[in-house]
Peer 1: 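Structure in structure tokens, see below.
What you see is a predicted model; the values in this text were computed from it and never measured.
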Amino acid sequence: MIIVSETVQKFLLDYIRKKNLQPGDKLPSERELVQILEIGRSSVREAFQILAERGIIEKHAGKGAYVRKIIPQNDFKNLTDLFPSMDFNASLDLLEFRKGIETENAFLAAMRSDNNSIDDLERSIYDLEMCIRNGSSIIVPDLNFHRTLALATQNDVIVQVYKSMVDFFKKVRIEMAINYNVENALYYHKEILIAIKQKKTERSCILMRRHIEDVQLNYRKMLSEMGVLEWGETRYSKDRRFWCKKHLIET
């Protein structure tokens, strides 16, 4: 498992921002975070301990963890100082790699999916909708959707590659949890499922590519807010314009 405590720390800080928590407000318990993030309890426990040592949260024995102080908005641009071992360039490369493999997965899933795969995809979308409605993390149903697509390809090599990479995919999802556009994710998941049901391989492939590009866009916005890179003209934006010019397909 490559989910290290720094990733969980960033998730907790983003959670405090997203929920606009104030000093004295309670944080999710270790058990709840294990379920929300689908990770080991040791990573969660270590994250709580480090944030407590930094004075950001405080732990009360038998009662849980609470916000101790609010980090000013400007201080979030120094998060790279808090998380020196987080390799954001590696995460960008991983998203680029994921775009390639997930696009092919969607193509093959549209060609080969069976009724069981369709049922599993529908269930993951239902769970995702419930998470959005409840304001909770969509990480687990999101990963379940993509995991099911890999299985639906019925290609043993693809399945094994996906399983070997899923922890890295999960790490990036946790890094950008608050910056993930959940409504866009739901839209693309639904449209991809429709294309798969209709056996429209090309449409499924294109929708998946656009879905991952949307994730890349939001990840870069997050890095811009953190001061890791300047927002605006990037290699990614140039690549995307080139791709769009060559693939003007109505969706």
Side-chain angles (χ1 to χ4, degrees), residues 3 11 18 28 32-39 94-95 97-174 176-219 247 249-251:
I3 306 296
F11 175 86
K18 182 178 181 181
E32 288 171 327
L33 284 175
V34 167
Q35 293 175 341
I36 290 171
L37 304 179
E38 210 176 50
I39 59 175
L94 185 66
L95 285 172
F97 167 79
R98 185 181 173 188
K99 180 165 61 177
I101 189 173
E102 294 272 17
T103 300
E104 184 65 15
N105 287 356
F107 182 93
L108 293 175
M111 184 186 298
R112 300 171 180 170
S113 60
D114 54 23
N115 290 335
N116 288 334
S117 297
I118 297 298
D119 288 344
D120 289 342
L121 290 171
E122 289 179 336
R123 190 177 302 112
S124 71
I125 290 175
Y126 173 81
D127 291 342
L128 192 152
E129 286 182 306
M130 291 300 101
C131 287
I132 292 175
R133 185 176 301 175
N134 297 329
S136 57
S137 169
I138 69 165
I139 290 175
V140 172
D142 178 68
L143 289 171
N144 285 343
F145 179 87
H146 291 278
R147 184 184 298 120
T148 302
L149 280 183
L151 294 171
T153 66
Q154 299 184 37
N155 181 306
D156 289 341
V157 174
I158 288 177
V159 172
Q160 289 305 314
V161 168
Y162 189 87
K163 287 181 177 179
S164 70
M165 299 296 296
V166 70
D167 282 346
F168 293 94
F169 296 161
K170 185 187 300 183
K171 180 177 182 292
V172 176
R173 283 292 287 103
I174 295 173
M176 64 177 298
I178 194 174
N179 300 278
Y180 201 70
N181 191 318
V182 295
E183 295 295 341
N184 280 9
L186 179 60
Y187 165 79
Y188 281 114
H189 284 203
K190 285 183 172 181
E191 290 298 312
I192 290 168
L193 177 56
I194 291 171
I196 288 173
K197 284 182 174 180
Q198 296 175 346
K199 301 295 183 182
K200 293 183 177 180
T201 54
E202 292 293 340
R203 179 172 170 78
S204 179
C205 171
I206 290 169
L207 285 166
M208 178 58 77
R209 185 180 185 98
R210 291 180 179 177
H211 175 32
I212 302 301
E213 285 181 342
D214 185 61
V215 176
Q216 288 177 302
L217 181 66
N218 282 285
Y219 193 87
H247 298 79
I249 300 178
E250 187 69 33
T251 62

Peer 1: Roughly how far, to the nearest 0.5 Å, is the CG atom of Leu33 from the CD1 atom of Ile39?
Peer 2: 7.0 Å

Peer 1: With a 4.5 Å heavy-atom cut-off, do His146 and Arg98 have their side chains touching?
Peer 2: yes

Peer 1: Please check this pair: side chain of Lys99 against backbone of Gln216, looking for a donor-acceptor N/O pair closer than 3.5 Å.
Peer 2: no

Peer 1: Return the NZ to CG distance between Lys163 and Leu151, rounded to the nearest 0.5 Å.
Peer 2: 6.5 Å

Peer 1: Would you call the rings of His189 and His211 parallel, tilted or perpendicular if under 30° counts as parallel and over 60° as perpendicular?
Peer 2: perpendicular

Peer 1: Who pairs with Lys199 by side chain to side chain contact (heavy atoms under 4.5 Å, CB included), at least two apart in sequence or on another chain?
Peer 2: Ser113

Peer 1: Can any side-chain N or O of Ser204 pair as donor or acceptor with the backbone N or O of Lys200 at less than 3.5 Å?
Peer 2: no

Peer 1: Distance from Ser136 atom OG to Glu32 atom CD, nearest 0.5 Å?
Peer 2: 11.0 Å

Peer 1: Please report the interatomic distance CG(Leu94) to OH(Tyr219), rounded to the nearest 0.5 Å.
Peer 2: 9.0 Å

Peer 1: Sequence neighbours excluded, which residues qualify as side chain to side chain donor-acceptor pair (under 3.5 Å) partners of Arg112?
Peer 2: none

Peer 1: Tell me which pairs pass side chain to side chain donor-acceptor pair (under 3.5 Å) where either residue lies in residues 125-135, with sequence neighbours left out.
Peer 2: Glu129-Lys190

Peer 1: Please report the interatomic distance CZ(Phe145) to CG(Leu143), rounded to the nearest 0.5 Å.
Peer 2: 12.0 Å

Peer 1: Holding to side chain to side chain donor-acceptor pair (under 3.5 Å), I want the full list of residues that pass it with Tyr162, two or more places apart in sequence or in another chain.
Peer 2: none

Peer 1: Has Arg173 got its NZ or CZ under 6.0 Å from the middle of the six-membered ring of Tyr180, at an angle within 45 degrees of the ring axis?
Peer 2: yes

Peer 1: Are the side chains of Thr103 and Ile212 in touch, meaning some heavy atoms are under 4.5 Å apart?
Peer 2: no

Peer 1: If the condition is side chain to side chain contact (heavy atoms under 4.5 Å, CB included), which residues does Ile132 pass it with, not counting sequence neighbours?
Peer 2: Leu128, Ile138, Val182, Glu183, Leu186

Peer 1: For Pro141 and Ser124, work out which heavy atoms get closest and say how close.
Peer 2: CB-O, 3.6 Å

Peer 1: When you check the side-chain N and O atoms of Asn184 and Asp214, is any donor under 3.5 Å from an acceptor?
Peer 2: yes

Peer 1: Should Lys197 and Ile118 be marked as a side-chain contact (heavy atoms from CB on, under 4.5 Å) after you check the CA-CA gap, both sets of side-chain angles, and the distance that decides it?
Peer 2: CA-CA 7 Å; Lys197 284 182 174 180; Ile118 297 298; 3.7 Å; yes

Peer 1: Only counting residues at least two apart or in another chain, list the ones meeting side chain to side chain donor-acceptor pair (under 3.5 Å) with Asp114.
Peer 2: Ser117

Peer 1: Ile196 versus Leu149: any side-chain heavy-atom pair under 4.5 Å?
Peer 2: yes

Peer 1: What I'd like to find out is whether the side chain of Leu193 reaches to under 4.5 Å of the side chain of Glu122, using heavy atoms alone.
Peer 2: yes

Peer 1: Using every non-hydrogen atom in the two residues, find where Asn218 and Asn181 come nearest and quote the distance to one decimal.
Peer 2: ND2-CB, 4.0 Å

Peer 1: Rounded to the nearest 0.5 Å, what separation is found between the CE atom of Met111 and the SG atom of Cys205?
Peer 2: 10.5 Å

Peer 1: Ala150 and Ile158: which non-hydrogen atoms are nearest, and at how many Å?
Peer 2: O-CG2, 4.4 Å

Peer 1: Within a strict 4.5 Å, meaning less than it, do heavy atoms of the Ile194 and Leu207 side chains meet?
Peer 2: no

Peer 1: Please assess Thr153 against Glu104 for the test side-chain contact (heavy atoms from CB on, under 4.5 Å), listing each intermediate value before the final yes or no.
Peer 2: CA-CA 9 Å; Thr153 66; Glu104 184 65 15; over 6 Å; no

